[in-house]
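Throughout, protein chains are lettered first and strands after them, A, B, ... in sequence-line order, and every chain is numbered starting at 1. Note that this is a predicted model, so its numbers are computed, not measured.
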Amino acid sequence: MNFNAWALTLVVFIPLVGLGFVLLVPKEDEKSIKGVTLLATIASFGVSLYVLVHWVGNKFYETDKLTAFVSEHGGKHPFEVNKPWIDVINSNFHIDADGLGLPLMVLSTFITLLCVVYSWNHFPEPHNPKAFLALVLLLEVGMNGTFVAQDLILFFIFFEIVLLPMYFMIGVWGGPNREYASIKFFLFTLFGSAFMLLGFLALYFKGGRTFDIAELMASPEIAEMARSTQLLIFGGLALGFAIKVPMFPFHTWLPDAHTEAPTVGSVLLAAILLKLGTYGFVKIALPILPEAADTYAPWIGGLAVIGIIYGALGCLAQTDLKRLIAFSSVAHMGFVMLGIASGTTFGINAAVFGMVAHGLITGMLFFIAGSVQHTFHTRELSRLGGLLTQAPKMGWILGFCAMASLGLPGLAGFWGEFPAILSAFNPAESIDKTELFRGYMVIAAVGTVLAAGYLLWMLQKVVFGTPKDEWADTEIHDVSKAEWIAWLPILGLIVVLGVYPNFLFKLTDSPVTQLFGG
Amino acid sequence: MTLGSVDLHPWFLENAWLIPLIPAVSFVAILAFGKRLGAKAAWIGIGSVGAVWLLALGNVFQWIQRVNGFRATESEHGAPEGHLEAVSAFGRSVMRPFSEASHHEVAFVEPITRSMSWWSNGGMSLDVGIRIDGLAVMMLFVVTTISLLVHYYSTEYMKDDRRFTHYYAALSLFTASMLVLVVADNTVQLLVGWELVGLCSFLLIGHWWEDKPNSSAALKAFLTTRTGDIGLLCGVAMTYFVVERATGTGSFNIGAVNEAAMSLGHEGLAKSLLFWCAAGLLLGIIGKSGQFPLHTWLPDAMAGPTPVSALIHAATMVVAGVYLGARMFPVFFQGFDIAGGGVNLMAAVGGITVIIGAGLAFVQRDIKKVLAYSTISQLGYMVMALGVGAWSAAIFHLFTHAFFKANLFLGAGSVSHSGAHHSFDMVDDMGGLRKYMPKTFATFMIGTAALSGFPLLAGFFSKDEILATAGHNGFEFFMYLGFIGGGMTAAYMTRCVWLTFFGEYRGRKHAAHGHDEHSHDDNGHTEPHESTFPILMPLYVLSFMSVFAGILFAPMLKDTIGSSIFSKFPEWVEPGGDGSLFVSFIHPEFSWKDPLLATLFAAVGFGLSYLFFWKKAFMQDATQKNKALRQGKTFLENKYYLDHLYTDIIVGSVKGPIARGAYWVNQNIIDAVLRLTGGGVRKVGQFTYDVLDQKAVDGVPNGLAAITGAAGGSTRNVQTGRLQEYALLILSGTVVLGGMVAALVWAS
């Protein structure tokens, strides 16, 4: 048996197998449930790591190495699987790894594993680890699948799978306003998905009766398609993805969902789920409909910089730690979208970097917010203070993540932000709105100051100062062992990627250049 | 391999990358072992900075050898001697790129560059590397020297501090970051160092973060410099494209940017690009180097420990902006058309800062704030000097200022530590201290004299050179501004010295209070006394430098005595060349007019101040009697209301009404549109639902209910009924909408 041919399938479906086992274990046997889940997530992460190591070891990030491999193996990529699936509509089970999806897939298995570790002793009310972990595993199937799918129907199914577990996670384990938040999340995203699906169908019917992304990119029918049709289809796709990102003004589900979601839900939402949207732009919308993308680019860029400023202002108005971090996602994803809108290879590389960096940093911030809430049973900024005195380690970690989040050079956040700003100075020539984008550049740069503002004010309130009197008699635990295990790898990666961004740029550059370099 | 007598691979210069690395390792080591070592952790820092200082000295010697080698090779080829003399009384013409006056060419001393690839993507690539030239070597020497002295000084000053190891860790990180900035061979690497020193400044200003004023000062510093960084970020991005315009391939390399700027100066379109680059970078300088109007963070930064004020907020970090201006001078030279004389943005910013900084120094009660405003004013001189094309004079002033200002700050620390119960209030807690601490007094007086431009001391020569060159290059206005600033400097320092060291001691009756009280218990010193050796030793070294550093660039002495030592500084530091890689400079011919005028202004400033404060000779109650003067004083005491403008009006409105307004829009308009749409769709759907065959969809709700039941347990149920309803409604709604879109697609 050729392991490589099975690797991606394993990454995607091991969690599903784990889910099956979890359902078989009786609800009371929490130890076995946790064990099975941990095993499944470790296995999935292990295989995804194998894929990454194999990819890097064989230097598949170099275009000629990859082409050489493909020509030796009858046109097949290293981990590609392409089996007939639904013949009637010519939809195939086509999964593949490339430099764009691969880092995000590894991020997904990585963060899920750490979430399982974190929740070991942290199950929110109403407890029930069985159901909770089952949902986490189901979520992982959807997330992993999205990043490897090469067929639009397959992509759509994985894309939609994530909705259900996240809905229940928020709706059952969430905060006081969980019902409103969960339904809003569900409906809002479903609404976008409907347009996205329409776009897919239109591509199918107009693009030569195929759902295969690569075939659609090469499709002569699409190249010759009327401009207005292209614009309509792109609009549908973009709406679906933009809601997921979320871009201003489609972002209002996000603060509610984040605020109400349990810690692990928030982490997964911020770290992975938002990336499904930006990934969709880079993987599907832009490459298949490049001309429409150029036409939309000034609008996308405009909404992106509005999001940067607007998200930051939203942060400044918050009194709740978690809601503040949630709004910061709107601002950060604005930088990612600005890089994408620039249409340059450099900007899109920055965008992919920004996705990973935001996943690590904001995921980490949500972890800390969760632990703060666990300790103090409140997230009200006005009641917190002096964390450095009571729980110094947690305080320093929060400070570190705030610095990473505001784009301090030397940490990962910077390499998503600065290159995006730089790419806006000189957008792709086909966009033909250079002056406008230069304005965006300045606005985005102003956004970095606002980011420093809300993060540092948050630090001042939470971390500095002296503890409030109401906590004088409370015994405060600093970072626990499970938290260290879950957090240290993320903190390490934030530094490693910040110091040597080429680890990631190296992977993304070749596919980005192939897709957008011409 | 040699070129003439030049060793092309000098060890110290080639391995200058070690210089930032060693303190970085020290930072990690102190974090890891500091707690266990206690007070000994300081010695990790001192040892590493000491090693780095030796490396820096090695760099200095090898660089001098290199310069001599290159220039010697050149004289063999018959180039003329005496390159420092001026050709013409019309300064503007000689500052043009050297193609027009090539007979004055001095060999370009190749910088040592080494680099390796950092990252590349999308056709862009970036190296990480070192660029060692005269400017960098000078800076290495300054940073490591002051850092070493401050490390040693702090062993006594910060003894028993509750976060002693954190303090030393942050000092190490600061030193490493500053040195990364100094050796950087490209703008992005420079930006990395730039932001990291900002972080260290933040950490050290907020060292005693339990108290809100300290953390607020730290925040203010970080946010204000970040505001300047808007310009820096954009400037760095734009300079990349300057190189692309000149050569076809973009680059972040500082040498490449400078060369491109020199070559593009005459093109119209490129000129406007260069202008925006220069303006952006200037904004970065304004933020970092405390220039008007973003200077307001620097006085507040005095909330940090005093040695930090000396190292970061006087001698090194705040001059990073000036360093950037000198490093990328061709961008400013071309962008602001500095060769044209008259007025330009850079000179104007610097000139205004000279005066407004000096003005505020008059009304401070806190000795550190006097020095902080003085720093602002002196940084103004440096930026103004760059703006008027006095490049060498600007960095020479940076060089001398680092010593005498660090001297003054550390002296103020000594006064507070041993003489004023850790207070910095000159009016209430000091006075008459010369009797109690004669050594501190002597060193402080030397620093004051050097700063005020007392003849033959360091500040006298560096300031004179700025003003003489300003006049020579056609910036007479700024020259006179500088003279006036010099007079003000002498006056406010006279007041400061008077309040601190003369008169009667006023501190006895006061209990300990002030900034640094956290670091110590009051040791029961009721009587002021002299400080101990670890505090005095740095003061001696810095006083020595305050006296003698000036002779390295002293046209007056060269003119009278004639030794070449008096022109060594520009010789070592200036890149030289024909104007294609960097601007070439010609120095004004020495004229007695400049030093005499400067001394006259300083003497008048001193004299007036002496008569007013010492002798109470005139107008003691002027502010009571005269309304205009009273208003002027209030205006100064309120710091020109700039803090009010920034903190209360700008920041206050962004944080307050604007943020809340945006959030209100979010909740009540954007979200409301959504809720209304949702409600509408729901009504449509309700109707559809009623007419649909319920049995057909029975399976869906049942299935959902089953999962929910399993997930939520028996206690908490989601309102599954509503979900079924919603899911169904939205589905039917989207089918309708989808049909419309599909119809449009097909129709087109």
Novice: Of the backbone (N, CA, C, O) and the side chain (C-beta and beyond), which part of A:Ser510 lies under 4.5 Å from a heavy atom of chain B, both, or neither?
Specialist: neither

Novice: Can you tell which part of B:Leu191 gets under 4.5 Å to a heavy atom of chain A, answering side chain, backbone, both or neither?
Specialist: both

Novice: Can you confirm whether or not the ring centre of A:Phe327 sits under 6.0 Å from the ring centre of B:Tyr663?
Specialist: yes

Novice: Can you tell me which of B:Ser117, B:Gly198, B:Ser216 forms the most heavy-atom pairs within a distance under 4.5 Å of chain A?
Specialist: B:Ser216

Novice: Before you tell me yes or no, could you show the steps for A:Val463 and B:Trp209 under side chain to side chain contact (heavy atoms under 4.5 Å, CB included), namely the whole-Å CA-CA distance, both residues' side-chain angles and the distance that decides it to 0.1 Å?
Specialist: CA-CA 9 Å; A:Val463 168; B:Trp209 37 253; over 6 Å; no

Novice: Quick one: do A:Thr448 and B:Asp229 satisfy side chain to side chain contact (heavy atoms under 4.5 Å, CB included)? Show the steps, please.
Specialist: CA-CA 9 Å; A:Thr448 63; B:Asp229 292 350; over 6 Å; no

Novice: Non-hydrogen atoms of chain B under 4.5 Å away: do they reach the side chain of A:Ile309, the backbone, both or neither?
Specialist: neither

Novice: Below 4.5 Å, heavy atoms only, C-beta onward: do A:Phe464 and B:Lys212 meet side chain to side chain?
Specialist: no

Novice: Identify which part of A:His251 has an atom lying under 4.5 Å from any heavy atom of chain B, answering side chain, backbone, both or neither.
Specialist: side chain

Novice: Give the intermediate values and the outcome of side chain to side chain contact (heavy atoms under 4.5 Å, CB included) for residues A:Trp457 and B:Leu223.
Specialist: CA-CA 10 Å; A:Trp457 273 307; B:Leu223 291 180; 4.1 Å; yes

Novice: Can you tell me which portion of B:Val188 sits under 4.5 Å from chain A's heavy atoms? Options are side chain, backbone, both or neither.
Specialist: side chain

Novice: Carefully, step by step, assess A:Leu313 and B:Arg660 under the rule side chain to side chain contact (heavy atoms under 4.5 Å, CB included).
Specialist: CA-CA 8 Å; A:Leu313 290 176; B:Arg660 280 202 296 272; over 6 Å; no

Novice: Mind ranking A:Leu456, A:Leu316, A:Thr345 by heavy-atom pairs under 4.5 Å with chain B and telling me who comes out on top?
Specialist: A:Leu456

Novice: Taking C-beta and beyond as the side chain, do A:Trp396 and B:His166 meet within less than 4.5 Å on heavy atoms?
Specialist: yes

Novice: A:Trp253, A:Phe425, A:Phe418, A:Phe250: which one forms the most heavy-atom pairs within less than 4.5 Å of chain B?
Specialist: A:Phe425

Novice: Between chain B and each of A:Leu406, A:Asp256, A:Val512, A:Thr508, count heavy-atom pairs under 4.5 Å; write down the option with the most.
Specialist: A:Leu406

Novice: Would you say A:Asn502's side chain and B:Ser120's backbone share a donor-acceptor pair under 3.5 angstrom?
Specialist: yes

Novice: Would you say B:Glu210 and A:Thr466 are linked by a side-chain donor-acceptor pair, where the criterion is simply a distance under 3.5 Å?
Specialist: no

Novice: Looking at chain B, which one of A:Ile421, A:Leu422, A:Leu450 has the largest number of heavy-atom pairs inside 4.5 Å, strictly under?
Specialist: A:Leu422

Novice: Heavy-atom pairs under 4.5 Å with chain B are the metric here; pick the option from A:Tyr310, A:Phe414, A:Tyr454 that has the most.
Specialist: A:Tyr310

Novice: Could you tell me whether the side chains of A:Asp509 and B:Asn121 share a donor-acceptor contact shorter than 3.5 Å?
Specialist: no

Novice: Taking side chain as C-beta onward, heavy atoms only, is A:Asn426 less than 4.5 Å from B:Glu244?
Specialist: yes

Novice: Give the member of B:Leu232, B:Val665, B:Ile230 that has the highest number of heavy-atom pairs under 4.5 Å with chain A.
Specialist: B:Ile230

Novice: How far does OG of B:Ser125 sit from CZ of A:Phe505, to the nearest 0.5 angstrom?
Specialist: 12.0 Å

Novice: If we check ring pair (Phe, Tyr, Trp, His ring centres under 6.0 Å) with B:Trp118, which of these qualifies: A:Phe503, A:Trp415, A:Tyr500?
Specialist: A:Trp415

Novice: When only pairs under 4.5 Å are counted, which of B:Gly193, B:Gly206, B:Cys234 shares the most heavy-atom pairs with chain A?
Specialist: B:Cys234

Novice: Heavy-atom pairs under 4.5 Å with chain B: which of A:Lys130, A:Lys506, A:Arg438, A:Gln318 has the most?
Specialist: A:Gln318

Novice: Between A:Arg323 and chain B, which part of the residue has a heavy atom less than 4.5 Å away: side chain, backbone, both or neither?
Specialist: side chain

Novice: Could you tell me which portion of A:Met169 (side chain, backbone, both or neither) has an atom closer than 4.5 angstrom to a non-hydrogen atom of chain B?
Specialist: neither

Novice: If you look at every heavy atom in B:Glu195 and A:Leu408, which pair is closest and at what distance?
Specialist: O-CD1, 3.8 Å

